[in-house]
Amino acid sequence: MGDWSEWIGREQRAADRLDPANAARWCATFDRDAPSSAAMPQGIHLCLCTPEARSAQLGLDGHPARDDSPASFLPPVPLPRRMWASSAMRFHAPIAVGASIERVSRVASVEAKSGSRGEMVFVQVDHETSADGALAVSERQTLVYLEALAPDAPLSPPEPGEGSFDPSGWDAHREVRPDERLLFRYSALTFNTHRIHYDAPYARTVERYRGLVVHGPLTASLLLQIAAERFGENRLANFAFRGVSPAVAGEPLHLVLRGDSDSIELGAFAGDGRQVTKASATLA
């Protein structure tokens, strides 16, 4: 499909500041009070050092367009559909309101594969986010690029089944219903212009989703919050999540957790029991 070996090791730097206004908007988005200390909850780094591509540089899907120039951080994979497949995070120190932020991103690998969904390309990117010069979060993010779907391809995910999610067997459970307003706010916080999160006709006709898609990092942020409710703020040493199936805006989403110490299992499930996200964590 292509040789993108020259992209491996390519680096991008971004700077930001976690000012009080950004912190307040993050708390408002999640219906949370401001923390009692200057340290913000884990997951705030996902809303820092956001993309800065100009509107004229956006592709059809809303992501910054890619090309083969030295200025293009991600390789020009000729597959139109992009998904955030997974992330593995290590938390080194909390990020405080007022901190100066620097993020260094490097392309770790580019790998083409073939499977039941056709041609795919996986791109792994390592991010190191520092606050006031000290490493705060290191993360490996995996993106996957997929082939275009036929106009009559089945919509994903399927219509809800007759089953229901059973929270028994889990130590903590919270039901939420992410709606269009929450998706809009999270897109604004992360400066994410991927159209599957706000443009319902595009999501349905082009990418063949049944409705607006809840961001993978938004679901991860909600799981981090249920972990904080269980163990306290800024208690996790590691957190990893993987998308299993799309979550649709306006539908029930069950957030669950069980275990403790070095073996914490988390997950997100649709109302009929279909798993949306798998996640794991360990305590510091």
Side-chain angles (χ1 to χ4, degrees), residues 23-37 39-47 84 86-89 91 94 157 160-190 192 197 210-284:
R25 285 190 285 267
W26 188 93
C27 292
T29 297
F30 291 107
D31 292 315
R32 294 177 54 124
D33 295 329
S36 57
S37 67
M40 284 292 288
Q42 290 172 327
I44 187 65
H45 74 285
L46 295 168
C47 303
W84 186 317
S86 65
S87 275
M89 307 172 189
F91 298 106
E162 296 180 357
S164 61
F165 176 71
D166 180 6
S168 63
W170 296 88
D171 300 334
H173 168 241
R174 177 153 59 101
E175 180 181 344
V176 299
R177 194 180 290 263
D179 63 13
E180 295 84 352
R181 298 166 298 173
L182 178 59
L183 268 62
F184 173 84
R185 282 190 156 192
Y186 195 78
S187 287
L189 283 174
T190 56
N192 183 346
H197 305 306
R210 185 163 53 78
L212 294 179
V213 178
V214 179
H215 315 62
L218 171 54
T219 301
S221 296
L222 293 169
L223 289 173
L224 284 168
Q225 290 171 38
I226 197 173
E229 292 167 4
R230 183 75 174 176
F231 303 112
E233 297 288 4
N234 289 296
R235 287 290 316 282
L236 298 186
N238 298 281
F239 175 76
F241 74 92
R242 176 171 63 87
V244 177
S245 178
V248 176
E251 298 183 358
L253 190 63
H254 295 270
L255 309 170
V256 289
L257 174 154
R258 60 188 169 199
D260 55 27
S261 188
D262 60 353
S263 182
I264 303 168
E265 180 184 359
L266 305 98
F269 294 82
D272 62 359
R274 171 178 53 86
Q275 186 154 27
V276 169
T277 304
K278 292 184 176 182
S280 62
T282 61
L283 294 179

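What you see is a predicted model; the values in this text were computed from it and never measured.
With a 6.0 Å radius and a threshold of 12 heavy atoms from other residues, nucleotides or ligands, Arg210 has its CZ atom above the threshold.
A search for ring pair (Phe, Tyr, Trp, His ring centres under 6.0 Å) contacts involving His197 returns His194, His215, not counting sequence neighbours.
Residues Pro157 and Pro246 come closest through the heavy atom pair CG-O, 3.7 Å. For the pair Ala227 and Leu266, the tightest heavy-atom approach, listed with the atom from each and the gap, is CB-CD2, 4.2 Å. Taking each heavy atom of Ala249 and Val214 in turn, the nearest pair found is N-CG2, 3.9 Å. When all heavy atoms are compared, the tightest approach of Asp272 to Gly161 is OD2-N, 2.7 Å. Considering all non-hydrogen atoms of both residues, Arg274 and Ser245 come closest at NH1-OG, 2.7 Å. The two residues Arg174 and Leu222 have their closest heavy-atom pair at NH2-O, 4.0 Å.
Residue Ser187 holds its OG atom at 9.5 Å from CG of Leu212, rounded to the nearest 0.5 Å. Here CG of Leu182 is found 10.0 Å from CD of Glu180. Values are rounded to the nearest 0.5 Å. Taking OG1 of Thr282 as the start and CZ of Phe239 as the end, the distance is 11.5 Å to the nearest 0.5 Å. Here Glu175 contributes atom CD and Leu255 contributes atom CG; the two are 9.5 Å apart, rounded to the nearest 0.5 Å. The distance from atom CZ of Phe241 to atom CG of Leu223, rounded to the nearest 0.5 Å, is 9.0 Å. Note that CZ of Phe184 and CG of Asp179 are 12.5 Å apart. Values are rounded to the nearest 0.5 Å.
At least one side-chain heavy atom of Arg177 sits less than 4.5 Å from a side-chain heavy atom of Pro252. Between Trp26 and Leu46, the closest side-chain pair of non-hydrogen atoms is not below 4.5 Å. At a threshold of 4.5 Å between non-hydrogen side-chain atoms, the residues Leu283 and Leu236 count as touching. Within the 4.5 Å cutoff, no side-chain heavy atoms of Pro41 are placed close to those of Leu224. Under the 4.5 Å side-chain criterion, counting only non-hydrogen atoms from C-beta, Trp84 is not in contact with Asn192. Residues Cys27 and Met40 are in side-chain contact: their nearest non-hydrogen atoms beyond the backbone lie under 4.5 Å apart. At a threshold of 4.5 Å between non-hydrogen side-chain atoms, the residues His45 and Met89 count as touching. Side-chain contact between Glu233 and Pro35 is absent, with no heavy atoms from C-beta onward closer than 4.5 Å.
Looking at Arg185, its side chain never comes within 3.5 Å of a backbone N or O of Arg25 through a donor-acceptor pair.
Between Tyr186 and Phe30, the ring planes lie perpendicular to each other; the angle is over 60°, past the 30° to 60° tilted range.
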Residues 165-172 side chain polar contacts: donor-acceptor under 3.5 Å, at least two apart:
| residue | atom | partner | partner atom | Å |
| --- | --- | --- | --- | --- |
| Asp166 | OD1 | Ser168 | N | 3.0 |
| Asp166 | OD1 | Ser168 | OG | 2.8 |
| Asp166 | OD2 | Ser168 | OG | 2.9 |
| Asp171 | OD2 | Gly259 | N | 2.9 |

